[in-house]
Amino acid sequence: MLTIPVGPLLDWYEQKQGAGVQIVDTHPGIEVIQATLKYFNFHGVSTKILGQNFGRYLNSQPHIALAEFDAVCVSKDQGEELRSCSLPACPIESTSPGALRARQAQFPTKILESKAGIAAAMSSGTRNLARDIMGDGLRRMSTAMLELEKIVGLEAVTQYRRGKL
């Protein structure tokens, strides 16, 4: 399963351009999302793609945001809003910039074969995007894992002293 953080991805592109992108169909973040969805589709890669963290974009352009995801994760309030509206089926056009990028992308990708690691095989723009979008979350998870390891370690010592290990 692949999860695409839609809102943070679109926000990142808007921050890089210095202003909000007004034309959603040509939003560079939408193009990246569409290219990702189409890449897996064109090449028959067996995976499910989940769209999540839509934020304000779900309200402004739900038909574009939801197109071709296998599943979406939305808040309870967003789910209620979606339940009350009629969404047109808007598959990604085969002539869209995202579909073109997907067709031009190398398959199978060589990114996992890089001996220097995945990040070394990415463009600097992609590395920056990944760092900016995932950095804070990864740092929080790392801190939480260290805390969890400490708790488990203390519990193991307690169980050992009680003769249960």
Nearest heavy-atom neighbours spanning His43 and Ala105 | NE2-O, 4.2 Å
Please answer: with hydrophobic residues joined when any side-chain heavy atoms are less than 4.5 Å apart, are Phe69 and Val74 in the same cluster?
-> yes
side-chain contact (heavy atoms from CB on, under 4.5 Å) between Val32 and Leu9: does it pass, once the steps are laid out?
-> CA-CA 9 Å; Val32 167; Leu9 184 84; 4.3 Å; yes
With sequence neighbours left out, the residues meeting side-chain contact (heavy atoms from CB on, under 4.5 Å) with Thr47 are Phe40, Val45, Ile49
Taking a hydrophobic cluster as the set of Ile, Leu, Val, Met, Phe, Trp and Tyr residues connected by side-chain heavy atoms closer than 4.5 Å, whether directly or through intermediates, do Ile33 and Phe42 fall within one such cluster?
-> no
Sorted by chain and residue number, the side-chain contact (heavy atoms from CB on, under 4.5 Å) partners of Ala35 (sequence neighbours excluded) come out as Arg101
Where do Cys73 and Phe54 come nearest, in terms of heavy atoms and distance?
-> O-CD1, 4.0 Å
Any donor-acceptor pair under 3.5 Å linking the side chain of Gln78 with the backbone of Gly55?
-> yes
In residues 116-133, what donor-acceptor pairs under 3.5 Å come from side-chain atoms, sequence neighbours left out?
from, atom 1, to, atom 2, distance (Å)
Ser123, OG, Thr126, N, 3.1
Ser123, OG, Thr126, OG1, 2.9
Arg127, NH1, Ala119, O, 3.3
Arg127, NH1, Met122, O, 2.5
Asn128, OD1, Arg131, NH1, 3.0
Asn128, ND2, Ser124, O, 3.3
Asp132, OD2, Trp12, NE1, 2.7

Linking Ile, Leu, Val, Met, Phe, Trp and Tyr through side-chain heavy atoms less than 4.5 Å apart, which residues share a cluster with Ile151?
-> none
Supply the members, apart from Leu100, of the Ile/Leu/Val/Met/Phe/Trp/Tyr cluster built from side-chain contacts under 4.5 Å; use none for a lone residue.
-> none
Name all pairs fulfilling the salt bridge (charged side-chain N to carboxylate O under 4.0 Å, His left out) condition that reach into residues 37-53, sequence neighbours left out, sorted by first residue then second.
-> Lys38-Glu68
Could I get the full list of salt bridge (Lys or Arg N to Asp or Glu O under 4.0 Å) partners for Asp136, not counting sequence neighbours?
-> Arg139
Residues forming a side-chain contact (heavy atoms from CB on, under 4.5 Å) with Asn53, sequence neighbours excluded | Pro8
Who passes side-chain contact (heavy atoms from CB on, under 4.5 Å) against Leu138, sequence neighbours left out?
-> Met134, Met141
Derivation and outcome, side-chain contact (heavy atoms from CB on, under 4.5 Å), residues Leu50 and Met1 = CA-CA 7 Å; Leu50 170 71; Met1 176 178 282; 4.2 Å; yes
Quick one: salt bridge (charged side-chain N to carboxylate O under 4.0 Å, His left out) pairs with a partner in residues 147-165, sequence neighbours left out?
-> Glu147-Lys150
Cluster partners of Met145, using ILVMFWY side-chain heavy atoms under 4.5 angstrom, listed by chain and number?
-> Leu148, Val152
Measure across Tyr13 and Pro28 and return the closest heavy-atom pair with its distance rounded to 0.1 Å.
-> CD2-CB, 3.7 Å
